[in-house]
Student: 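This is the structure, below, for whatever I ask next.
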Amino acid sequence: MIVVMKTNARKEHVSAIIKRVESAGCKVHPIIGAERTVIDVIGDGTVIDKRQIVRMKGVEHVMPITKPYKAASREFKPQDTVIEVGGVTIGGKDLVVMAGPCSVEGRTQLIELAHACKEAGAHILRGGAYKPRTSPYSFQGLGEEGLRYLAEAREATGMPIITEVMDPGLVPLVCDYADILQVGTRNMQNYSLLNAVGRSQKPVLLKRSMIGTTKEWLMCAEYILSHGNSQVMLCERGIRANETETRNTFDISAIPVIKQLSHLPIIADPSHATGMWEYVGATAKAAVAAGADGLIIEVHQQPDRAWSDGSQSLKPERFARLVKEMRAVAQAVGRDIQTDDQSGYFNGTGLANKPFNQPLKDRPVANP
Ligand code: PEP
Ligand code: MN
């Protein structure tokens with residue numbers, strides 16, 4: 001059961017509800033939103049007379065919630081959540097495109113690529129500074145140096161930045177630089193991290209665990225939401241199945257499933273889902289057709305020299321063509337890809353027709 005308070009409800013009204021509920025042996029979990037407080041009643045709600053609660057001061061209405069996740073459920077909030085980040089809208093009618101390298105490898109690499117992604121039609125720059133690698137001997141990311149390059153790339157292009165945070169202790173530092181915090185597949189159920197990003201009040205992209213069910217994923221979103229951080233988006237990035245031709249198996253049905261069960265925006269990651277650039281385009285277009293609110297796609301100037309995930313990274317010119325194709329698919333299903341007409345930067349045609357062959361100057365050629 002959820003008790004939704006009126007927008008003008010006072011603290012003492014909330015305290016009275018909490019006292020009443022606790023005296024019936026139930027626990028409460030107040031969710032203090034920007035506009036109103038919602039009290040999540042945990043336990044056997046049947047022992048509480050709902051008619052009495054409705055009549056208490058400050059109460060708007062009382063709702064039964066049948067799902068184990070509450071704040072993440074559509075029952076709780078029927079209208080779609082829309083998140084605004086640096087002039088970009090996530091979860092609205094038009095789709096958002098996040099693009100950039102798997103790892104930030106250097107200043108020149110990132111800034112060149114940020115311009116190329118933006119010219120191709122991307123709205124948000126992705127890039128990992130802290131990398132969750134399968135092997136401890138693989139490149140682990142540039143750390144804070146990488147965050148500084150991301151902030152510089154934002155200055156240069158005006159694109160907000162998204163980057164992964166793996167350690168609860170690093171959330172404040174990453175928040176100093178990033179516009180969106182990414183929680184990776186391996187950390188979906190890292191509850192200390194979920195609590196830390198929840199407390200940060202920054203927008204969070206929560207990737208689905210490669211072995212996670214939809215219910216587990218939404219329960220993890222609930223952790224973040226339970227701190228009053230309502231700016232959560234979900235990301236389907238492929239799950240483990242018995243197929244070995246692709247890195248993961250893209251669960252396309254997760255998109256309509258999430259749309260039905262939750263109000264949170266759903267973003268598709270065709271790069272990690274497939275692990276091979278050849279399959280990224282088809283998977284991305286399928287995600288658009290299935291109703292995704294956005295895409296996150298890995299792009300690199302020289303994928304064969306990338307320090308991580310080169311095999312699934314698109315070259316900028318191919319990415320530019322893909323954005324055009326995704327736009328056509330979005331329009332076919334009554335949506336569009338957002339355009340950034342005000343800045344005068346985006347023209348949507350440049351890179352699609354010319355190769356991007358500038359050499360990289362600030363990094364060694366070998367993949368460490
Ligand atoms: C990434 O985005 O580079 C990444 C490591 O993603 P995932 O957590 O989905 O593997
Ligand atoms: Mn990657």
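Counting starts at 1 for both ligands and their atoms, in listed order. Start at 1 with the first residue, then count along the sequence. All values reported here derive from a predicted model rather than from experimental measurement.
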Student: Within the 3.5 Å criterion, strictly below it, is a donor on T283 or T274 matched to an acceptor on the partner's side chain?
Tutor: no
Student: Can Y149 be reached from I162 by stepping across I, L, V, M, F, W or Y side chains whose heavy atoms are under 4.5 Å apart?
Tutor: no
Student: Would you check whether G128 reaches within less than 4.0 Å of ligand 1, judged by its heavy atoms?
Tutor: no
Student: Under the 3.5 angstrom rule, does the side chain of N229 hit a backbone N or O of K202 as a donor-acceptor pair?
Tutor: yes
Student: Could you tell me the residue and atom name of the protein heavy atom closest to atom 2 (O) of ligand 1, and the distance to it rounded to 0.1 Å?
Tutor: R126 NH1, 2.8 Å
Student: M210 near ligand 1, heavy-atom distance under 4.0 Å?
Tutor: no
Student: Tell me if a side-chain donor or acceptor on R74 pairs with a main-chain N or O of P78 at a distance below 3.5 Å.
Tutor: yes
Student: Tell me: protein heavy atom nearest atom 8 (O) of ligand 1, and distance?
Tutor: T185 N, 2.8 Å
Student: What are the atoms of ligand 1, with element, lying closer than 4.0 Å to any heavy atom of K131?
Tutor: 1 (C), 3 (O)
Student: Any idea which atoms of ligand 1 are less than 4.0 Å away from a heavy-atom of C102?
Tutor: 3 (O)
Student: What's the atom name of the N, O or S in D309 nearest to the Mn ion (ligand 2)?
Tutor: OD2
Student: For the CD atom of Q140 and the OG atom of S135, what is their distance to the nearest 0.5 Å?
Tutor: 7.5 Å
Student: Please say whether E164 places an N or O atom under 3.5 Å from an N or O atom belonging to ligand 1.
Tutor: no
Student: What's the spacing between L147 CG and Y130 OH if we round to 0.5 Å?
Tutor: 5.0 Å
Student: Hey, is ligand 1 close enough to D269 that some N/O pair sits below 3.5 Å?
Tutor: no
Student: What atom name does the N, O or S atom of H272 nearest to the Mn ion (ligand 2) carry?
Tutor: NE2
Student: Between the Mn ion (ligand 2) and E298, which N, O or S atom of the residue is the nearest one?
Tutor: OE2
Student: Which residue holds the protein heavy atom closest to atom 10 (O) of ligand 1, what is that atom called, and what is the gap in Å?
Tutor: R237 NH2, 2.9 Å
Student: Say whether R186, considering both its backbone and side-chain N or O atoms, lies within less than 3.5 Å of an N or O atom on ligand 1.
Tutor: yes
Student: Short question: side chain of K131, backbone of C102 - any donor-acceptor pair under 3.5 Å?
Tutor: yes
Student: CZ of R133: more than 12 outside heavy atoms within 6.0 angstrom?
Tutor: yes
Student: Is it true that a side-chain atom of H263 and a backbone atom of A71 form a donor plus acceptor pair closer than 3.5 Å?
Tutor: yes
Student: Would you mind checking which non-hydrogen protein atom is closest to atom 4 (C) of ligand 1, with the distance to 0.1 Å?
Tutor: H272 NE2, 3.3 Å
Student: Are I161 and V183 joined in one hydrophobic group, where the rule is that I, L, V, M, F, W and Y side chains link up if heavy atoms are under 4.5 Å apart?
Tutor: yes
Student: Could you list the atoms of ligand 1 found under 4.0 angstrom from a heavy atom of G184?
Tutor: 8 (O)
Student: For atom 6 (O) of ligand 1, find the nearest protein heavy atom and state the residue, atom name and distance (0.1 Å precision).
Tutor: K207 NZ, 2.9 Å
